[in-house]
Amino acid sequence: MHDILLLNGPNLNLLGQRQPEIYGAETLADVERACTELGRELGLAVHPEQSNHEGALVDRIQQARGAEAGIVLNPGAYSHTSLAILDALNAFEGPVIEVHISNIHRREAFRHHSYVSSRADAVIAGAGTEGYLLALRRMATLLG
Ligand code: DHK
């Protein structure tokens, strides 16, 4: 079993309530449960975490060093602003997969650029919450 950090950033705790026409009807608990179950089938022990705070996300990414084999991350709005999260990911040795529930390229121009993408081994956007499951499948392939 590979340990995988599933990290969600700001406002993703409101999944299912927040703009469901963009982010869907599933709650974060639903997503985390589905990821944990699929992870088990794929040989991945998924550790879900969410924070609204940039520094807490940086701390958790640092804790993953030497402890978790890969990171699946939806940085939320910090995708578009956070050099600190990019730097933390650059200090992590394993694969990183970036997930956006919505297709950020079909939305406002300020969402088109993600700092995290320059570090990500794969980027999934616009697949809805299924994107997290696709990310885990790719993670399993990358980790062999
Ligand atoms: C989630 C957010 O909270 C936004 O700030 C991003 C991303 C898009 C998503 O699609 O999952 O711009």
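Just so you know, these numbers come straight off a predicted model, no measurement behind them. Atoms within each ligand, like the ligands themselves, are counted from 1 in listed order. Start at 1 with the first residue, then count along the sequence. Side-chain atoms are counted along with the backbone in the values below, which use heavy atoms only and exclude waters and symmetry mates.
Side-chain contact check for Y23 and N11: no donor-acceptor pair (N or O, by modelled atom type) lies under 3.5 Å. The closest side-chain donor-acceptor pair between S79 and E98, if any, does not fall under 3.5 angstrom.
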Just the distances, no angles: every ligand 1 N or O to protein N or O pair closer than 3.5 Å, one line each.
{"from": "ligand 1", "atom 1": "3 (O)", "to": "R18", "atom 2": "NH1", "distance (Å)": "3.1"}
{"from": "ligand 1", "atom 1": "3 (O)", "to": "R18", "atom 2": "NH2", "distance (Å)": "3.0"}
{"from": "ligand 1", "atom 1": "5 (O)", "to": "A77", "atom 2": "N", "distance (Å)": "3.1"}
{"from": "ligand 1", "atom 1": "5 (O)", "to": "R111", "atom 2": "NH1", "distance (Å)": "3.2"}
{"from": "ligand 1", "atom 1": "10 (O)", "to": "I101", "atom 2": "N", "distance (Å)": "3.1"}
{"from": "ligand 1", "atom 1": "10 (O)", "to": "S102", "atom 2": "N", "distance (Å)": "2.8"}
{"from": "ligand 1", "atom 1": "10 (O)", "to": "S102", "atom 2": "OG", "distance (Å)": "2.6"}
{"from": "ligand 1", "atom 1": "11 (O)", "to": "N74", "atom 2": "ND2", "distance (Å)": "2.9"}
{"from": "ligand 1", "atom 1": "11 (O)", "to": "I101", "atom 2": "N", "distance (Å)": "2.8"}
{"from": "ligand 1", "atom 1": "12 (O)", "to": "H80", "atom 2": "NE2", "distance (Å)": "2.7"}
{"from": "ligand 1", "atom 1": "12 (O)", "to": "R111", "atom 2": "NH1", "distance (Å)": "2.9"}

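Listed by first and then second residue, the salt bridge (Lys or Arg N to Asp or Glu O under 4.0 Å) pairs involving residues 64-82 are R60-E68 (not counting sequence neighbours). Every pair tested for side-chain hydrogen bond (donor to acceptor under 3.5 Å, both in side chains) that includes a residue from residues 134-144 fails, sequence neighbours excluded, so the list is empty. Listed by first and then second residue, the salt bridge (Lys or Arg N to Asp or Glu O under 4.0 Å) pairs involving residues 109-118 are E108-R111 (not counting sequence neighbours).
Taking the six-membered ring for Trp and thresholds of 30 and 60 degrees, H80 and H100 have nearly parallel ring planes, at less than 30 degrees apart.
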